[in-house]
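One structure is given below, encoded as structure tokens.
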There are 2 protein chains.
Amino acid sequence: MKVLKRAPLENDPVPDLCRACKARHRGICGALDADQLAELSRRSHKQVVEAGKTLLDAEEPTTSYSNILAGVVKLSKMLPDGRQQIVGLQFAPDFVGRPFSPESSLKAEAVTATVLCTFPRNLLERMIEQSSGLEHRLYLQALAELDDARDLLLTLGRKTARERVATFLLMIARHTPKGEELEGEAESEAGFDLPLTRAEIADFLGLTIETVSRQLTKLKSSGVIRVEQNRRIRVPDMELLAAETGD
Amino acid sequence: MKVLKRAPLENDPVPDLCRACKARHRGICGALDADQLAELSRRSHKQVVEAGKTLLDAEEPTTSYSNILAGVVKLSKMLPDGRQQIVGLQFAPDFVGRPFSPESSLKAEAVTATVLCTFPRNLLERMIEQSSGLEHRLYLQALAELDDARDLLLTLGRKTARERVATFLLMIARHTPKGEELEGEAESEAGFDLPLTRAEIADFLGLTIETVSRQLTKLKSSGVIRVEQNRRIRVPDMELLAAETGD
DNA sequence: CGGATCCTTGAACCTAATCAAGAAATGTGG
DNA sequence: CCACATTTCTTGATTAGGTTCAAGGATCCG
């Protein structure tokens with residue numbers, strides 16, 4: 001974890017740190033004016049964390065929040081006996097943290113190398129009080145996360161293993177920005193890298209690692225996907241994949 | 001669905017409708033000043049809806065929002081082939097509706113006879129813009145719903161049938177206000193009525209009706225609960241039930 | 001009292017989990 | 001760059017928890 005940039009000069013209207021930032025317009029910072037942005041950036045730091053790094057831990061008091069600038073973060077819950085469930089995945093420019101609660105009930109962990117913009121908890125909570133636009137953005141993200149969580153509930157409660165895996169692949173495909181896609185021989189073909197291991201996919205879908213592997217193999221045999229080097233997926237026809245999701 | 005009360009006089013500081021209302025302080029209305037409360041109540045109506053009534057339908061444009069004053073509301077999603085999953089249960093004084101989205105992706109349905117305070121969509125959205133406190137309350141409720149949804153994700157993804165049923169019973173017990181409880185012969189004993197049918201419990205827990213029934217029977221044989229008249233549950237020792245939930 | 005709905009129980013089946021082994025990919029140090 | 005260790009993934013055989021199919025019993029309501 002190394003700090004890449006420091007705070008900008010005080011009278012800089014749009015801080016350097018924020019200028020090329022993904023969260024600057026699409027994320028919560030889009031709600032801030034130049035002064036607020038300057039203050040936030042003065043006490044923020046951009047950091048790159050390696051895969052596996054824990055950002056927030058259940059039962060640990062939270063001292064900071066972050067915006068994701070690149071990479072993928074998983075939110076998970078665990079039972080006392082070790083059974084684990086991933087309850088959410090977050091991508092840029094999502095906000096990571098649980099405002100108005102001294103501690104999180106979740107563990108937040110980077111699943112890939114991830115770039116974060118991190119700032120202290122009390123600063124954000126103070127800015128929320130000053131800027132209703134900021135709270136509005138946070139509210140909208142919470143509503144989006146609620147929709148995601150409820151979609152996943154339907155998946156876990158009612159879909160077959162095959163449908164779950166197809167649903168997951170489609171979700172990742174949709175989170176892969178056009179242009180970052182792999183180049184397909186066929187023009188219409190979509191391709192992407194899975195950010196998660198098989199074990200993580202299993203924890204996300206409420207399955208075992210073996211079942212995930214078998215279903216990927218079967219989707220491959222059915223011609224719905226091709227799998228290259230374990231993590232690289234190609235989808236010749238997105239409609240075909242969508243038809244496997246059950247919805 | 002019958003209207004019970006009409007709007008109060010314009011210069012009434014605290015409207016009649018709101019005076020004895022559960023949502024007045026604990027719900028979102030707690031964020032409103034007397035003027036705002038008067039305006040909201042002028043365009044609200046209190047209604048009693050019977051069990052089974054649909055409040056909001058997926059894919060239908062939303063025209064109104066409600067506060068729950070009494071009763072239980074279920075939020076559900078359905079796959080094209082009819083498989084169904086309940087993704088949330090709401091109790092008084094919860095707010096029902098999805099602000100900032102022209103339509104809901106969920107169906108909201110009364111599971112018991114329910115008392116609602118209903119008001120038009122555009123009014124609420126206008127008041128949100130005026131009152132940051134109102135949006136703050138809505139945000140807090142969304143965060144609470146997100147926590148609930150994620151707890152349920154862990155249940156659906158990783159718990160056994162027995163643990164799921166125990167988890168559900170404990171959740172209902174905790175939502176049964178002290179005093180509304182049934183009188184136990186033993187003082188320490190808790191008791192409550194299940195608001196849901198076996199079929200609804202199954203839809204909530206991602207199980208079948210038969211499995212729910214069997215697990216209730218087994219919890220009964222184990223002495224963890226007693227079941228009277230199908231819907232009435234008694235829990236001699238809450239700790240014993242909590243020990244069955246897996247967490 | 002009769003009909004409908006809701007709930008329970010049993011038997012057979014099936015999907016996904018578990019147990020087990022080996023193959024592929026990744027990373028490390030020489 | 002290769003040999004080796006480690007982690008990740010796949011595949012097979014078996015098991016088990018929950019579903020499906022089927023029937024009968026409670027409970028509720030007019």
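Letters A, B, ... are given to chains in the order of the sequence lines, protein chains preceding strands, and every chain is numbered from 1.
- For B:R214 against D:dT20, a side-chain N or O and a base N or O form a donor-acceptor pair under 3.5 Å.
- The residue A:R162 sits apart from the nucleic acid: no heavy atom pair falls under 4.0 Å.
- As rounded to whole Å, 16 Å separates atom C1' of D:dA26 from atom CZ of B:R232.
- Nearest nucleotide to the side chain of A:L207, out of C:dA16, C:dC19, C:dC7: C:dA16.
- When the side-chain nitrogen and oxygen atoms of A:T211 are compared with OP1 and OP2 of C:dA16, none of them lie within a distance under 4.0 Å.
- Contacts of A:R121 classified as side-chain hydrogen bond (donor to acceptor under 3.5 Å, both in side chains), with partners at least two apart in sequence or in another chain: A:Y65, A:E125.
- Side-chain contact check for A:R162 and A:T211: no donor-acceptor pair (N or O, by modelled atom type) lies under 3.5 Å.
- The side chain of B:A161 lies closest to D:dG18, out of D:dT10, D:dG18, C:dC7.
- Residue B:T217 holds its OG1 atom at 8.5 Å from CD1 of B:I225, rounded to the nearest 0.5 Å.
- In this structure, CD1 on B:I86 lies 12.0 Å from CZ on A:R150, to the nearest 0.5 angstrom.
- Within 4.0 Å of B:R164, counting heavy atoms only, lies no atom of the nucleic acid at all.
- Within residues 195-203 of chain B, the residues approaching DNA chain C are B:T197, B:R198, by heavy-atom distance under 4.0 Å.
- Taking for each of A:V227 and B:E210 the nucleotide of DNA chain D with the nearest heavy atom, the 5'-most of the two is the partner of A:V227.
- For B:T118 and B:Q47, the side-chain atoms include at least one donor-acceptor pair closer than 3.5 Å.
- Interface remark: the B:Q229 side chain does not form any donor-acceptor pair with the C:dC7 base, using a distance-only criterion of under 3.5 Å.
- Residue pairs that meet the ring-ring contact (aromatic ring centres under 6.0 Å, His included) test with at least one member in residues 214-247 of chain A, sequence neighbours left out, do not exist here.
- No contact: A:L216 has no heavy atom under 4.0 Å from any strand.
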